[in-house]
Amino acid sequence: MEEKIKEALSSFDEEIKQVTDEQSLESLRIKFLGRKGLFAELFEEFKALPKEEKPKYGQFLNRTKSDCQKRYDELVKSFEKRKKKSKDEFDVSLPGRRNPVGTKHILTQTLDEIKSIFVKLGFSVHQGPELESDHYNFEMLNFPPDHPARDMQDTFFVTKDFVLRTHTSPVQIRLMESKKPPLRAIMPGKVYRNEAISAKSYCLFHQVEGLYVDENVTFAELKSTLVSFIKQFYGEDVKYRFRSSFFPFTEPSAEVDIWWQPEGKEGRWLEILGCGMVDPNVLENVGIDSEKFTGYAFGMGVERIAMLKYGIDDIRLFFDNDRRFLIQF
Ligand code: PHE
């Protein structure tokens, strides 16, 4: 009997060393400590011993078994600890969860592109208020009170003297009042018009104003700057034309059209900007000597420019915030 107990112990010693995972730990338990395990068998044998031999082996068998049980219990605990620790640890090898990435609105992208072209041509960027006085929006730009020219733009009046600016041209005035020539700047921003909303017009849109004032600025320079912009923006093959026009604050004035050829439809000219030589009256209004200085100005509609470039046929799409539209750009 004694031999058998010693053998059981030494094989337990051997096998507990081989335990590497929960499965082999469980096999160890079944083999030695289970209901039909080795120790259970030894206890059966012990029961069958003659009475006088029992005291000799009883204690030894009990001690050996409880010793093995203790070592097994410790191993279970250490496995549990290890498992908990690995749960708390951050697994750096796991693939990351991707967040959907937004993009810039197509108008912002268009504005950025327009700005970067003019910045390369030597223009700085300025801004002015959207709530504008009648004084800056009209008067200083040579729109006399009650002059029919004011009817060109359907104005949102906030009070008798304040309007939501109908164009970015008042920023020209603010700039010329605050700085002396030479001046070369673009002025992007929102403008508002009280027009019937349709695929072609909206109550709100964006313009980029341009102004260059110096000695001997000519219409030829205006033309070459705008042509350079148009070709950089639309590509060398773009079809454009300058058409004479009228604005109270420029003389002479022109508009630029781009040829628009939708697939399978008839092509037509679409206006993208107004421009001209700054009217001497406007220069005098801001205290610039119109004998010494001349200047040119232009104002372009950003939505129109983007619609032509990307083939967008309804201006309202820019303002609807429909994801199906936005994710296309
Ligand atoms: N402000 C004019 C408009 O909104 C555009 C323009 C700007 C024309 C500058 C000439 C010079 O229609």
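All values below were derived from every heavy atom in this structure, side-chain atoms included, with hydrogens, water molecules and symmetry-related copies excluded. Please read these numbers as outputs of a predicted model, since none were measured by experiment.
- A distance-only check finds no donor-acceptor pair linking the side chain of R71 to the backbone of I16 [under 3.5 Å].
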* Would you sort out whether K4 and E7 count as a salt bridge (Lys or Arg N to Asp or Glu O under 4.0 Å), showing the intermediate values? => CA-CA 5 Å; K4 278 191 180 163; E7 246 169 57; over 6 Å; no

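- For the pair K115/P188, a side-chain contact is recorded, criterion being any heavy-atom separation below 4.5 Å from C-beta on.
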Ignoring hydrogens and angles, write down the donor-acceptor pairs under 3.5 Å from the side chains of residues 300-312, residues two or more places apart or on other chains.
unit_1: E303; atom_1: OE1; unit_2: H206; atom_2: N; d: 2.9
unit_1: E303; atom_1: OE2; unit_2: H206; atom_2: N; d: 3.2
unit_1: E303; atom_1: OE2; unit_2: H206; atom_2: ND1; d: 2.7
unit_1: R304; atom_1: NH1; unit_2: E271; atom_2: O; d: 2.7
unit_1: K309; atom_1: NZ; unit_2: E113; atom_2: OE2; d: 3.0
unit_1: K309; atom_1: NZ; unit_2: F233; atom_2: O; d: 2.8

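- Here the side chain of E284 pairs a donor or acceptor atom with the backbone of S290 at under 3.5 angstrom.
- I30 is not connected to L33 by any chain of hydrophobic side-chain contacts under 4.5 Å among Ile, Leu, Val, Met, Phe, Trp and Tyr, and they are in different clusters.
- In this structure the side chain of L141 reaches within 4.5 angstrom of the side chain of P170, judged on heavy atoms.
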Side-chain donor-acceptor distances from residues 174-181 under 3.5 Å, at least two apart:
unit_1: R174; atom_1: NE; unit_2: E132; atom_2: OE2; d: 3.0
unit_1: R174; atom_1: NH2; unit_2: E132; atom_2: OE1; d: 2.7
unit_1: E177; atom_1: OE1; unit_2: Y136; atom_2: OH; d: 2.6
unit_1: S178; atom_1: OG; unit_2: R174; atom_2: O; d: 3.3
unit_1: S178; atom_1: OG; unit_2: L175; atom_2: O; d: 3.1

* Asked: Can you check ring-ring contact (aromatic ring centres under 6.0 Å, His included) on W260 and W269, steps first, answer last?
  -> CA-CA 6 Å; W260 159 250; W269 290 104; over 10 Å; no

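- Closest non-hydrogen pair, G267 versus P262, comes out as CA-CD, 4.4 Å.
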* To do: Show the numbers, then the answer: is there a side-chain contact (heavy atoms from CB on, under 4.5 Å) between V238 and K231?
  => CA-CA 7 Å; V238 62; K231 287 191 171 169; 4.3 Å; yes

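- Atom CD of E266 has 12 or fewer neighbouring heavy atoms from other residues, nucleotides or ligands inside a 6.0 Å radius.
- A salt bridge is absent between E74 and K77; no separation between the charged side-chain nitrogens and carboxylate oxygens falls under 4.0 Å.
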* Given the rule in the side-chain contact (heavy atoms from CB on, under 4.5 Å) test, do V191 and T168 qualify, once you have shown the distances and angles that lead to the verdict? -> CA-CA 7 Å; V191 303; T168 42; 3.8 Å; yes

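- Taking CG of D112 as the reference point, atom CG of L107 lies at 11.0 Å (rounded to 0.5 Å).
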* Take D134 and F157, measure what side-chain contact (heavy atoms from CB on, under 4.5 Å) needs, and give me the verdict at the end. => CA-CA 9 Å; D134 184 275; F157 281 91; 4.2 Å; yes

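- Residues E255 and F247 meet the side-chain proximity criterion, which asks for heavy atoms closer than 4.5 Å.
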Sequence neighbours left out, cut at 3.5 Å: what donor-acceptor pairs do the side chains of residues 61-68 make with other protein atoms?
unit_1: T64; atom_1: OG1; unit_2: F60; atom_2: O; d: 2.7
unit_1: S66; atom_1: OG; unit_2: N62; atom_2: O; d: 3.3
unit_1: S66; atom_1: OG; unit_2: R63; atom_2: O; d: 3.3

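- When only modelled atom types and interatomic distance are considered, E221 and Y296 share no side-chain donor-acceptor pair under 3.5 Å.
- Contact annotation: the side chain of C275 approaches that of L226 to within less than 4.5 Å [non-hydrogen atoms, C-beta and beyond].
- Relative orientation of the F138 and H167 rings is tilted, given thresholds of 30° and 60° on the angle between their planes.
- Two residues are said to be in side-chain contact when any heavy atoms from C-beta on lie closer than 4.5 Å; M277 and P252 meet this criterion.
- Here OG1 of T166 is found 5.5 Å from CZ of R193. Values are rounded to the nearest 0.5 Å.
- For E251 (side chain) and D279 (main-chain N/O), no donor-acceptor pair under 3.5 Å exists by modelled atom type.
- Ion pairing between E2 and K6 holds under the 4.0 Å rule for side-chain N and carboxylate O.
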Distance-only check: which donor-acceptor pairs under 3.5 Å involve side-chain atoms of residues 314-329, not counting sequence neighbours?
unit_1: D314; atom_1: OD1; unit_2: R316; atom_2: N; d: 2.9
unit_1: D314; atom_1: OD1; unit_2: R316; atom_2: NE; d: 3.0
unit_1: D314; atom_1: OD2; unit_2: R316; atom_2: NE; d: 3.4
unit_1: D314; atom_1: OD2; unit_2: R316; atom_2: NH2; d: 2.9
unit_1: D322; atom_1: OD1; unit_2: R324; atom_2: N; d: 2.9
unit_1: D322; atom_1: OD1; unit_2: R324; atom_2: NE; d: 3.2
unit_1: D322; atom_1: OD2; unit_2: R324; atom_2: NE; d: 3.4
unit_1: D322; atom_1: OD2; unit_2: R324; atom_2: NH2; d: 2.7
unit_1: Q328; atom_1: NE2; unit_2: R324; atom_2: O; d: 3.0

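- For F229 and F298, the gap between ring centers reaches or exceeds 6.0 Å.
- A side-chain N or O of Q232 and one of S228 form a donor-acceptor pair less than 3.5 Å apart.
- Every residue two or more places apart in sequence or in another chain that forms a side-chain hydrogen bond (donor to acceptor under 3.5 Å, both in side chains) with Q69 is listed here: D73.
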Using distance only, find each side-chain donor-acceptor pair of residues 18-28 under 3.5 Å and give its atom names and separation, not counting sequence neighbours.
unit_1: D21; atom_1: OD1; unit_2: Q23; atom_2: N; d: 3.4
unit_1: D21; atom_1: OD1; unit_2: S24; atom_2: N; d: 2.9
unit_1: D21; atom_1: OD1; unit_2: S24; atom_2: OG; d: 2.7
unit_1: S24; atom_1: OG; unit_2: T20; atom_2: N; d: 3.1
unit_1: S24; atom_1: OG; unit_2: D21; atom_2: N; d: 3.2
unit_1: S24; atom_1: OG; unit_2: D21; atom_2: O; d: 3.1
unit_1: E26; atom_1: OE1; unit_2: R29; atom_2: NE; d: 3.1
unit_1: E26; atom_1: OE2; unit_2: R29; atom_2: NH2; d: 2.9
unit_1: S27; atom_1: OG; unit_2: Q23; atom_2: O; d: 3.0

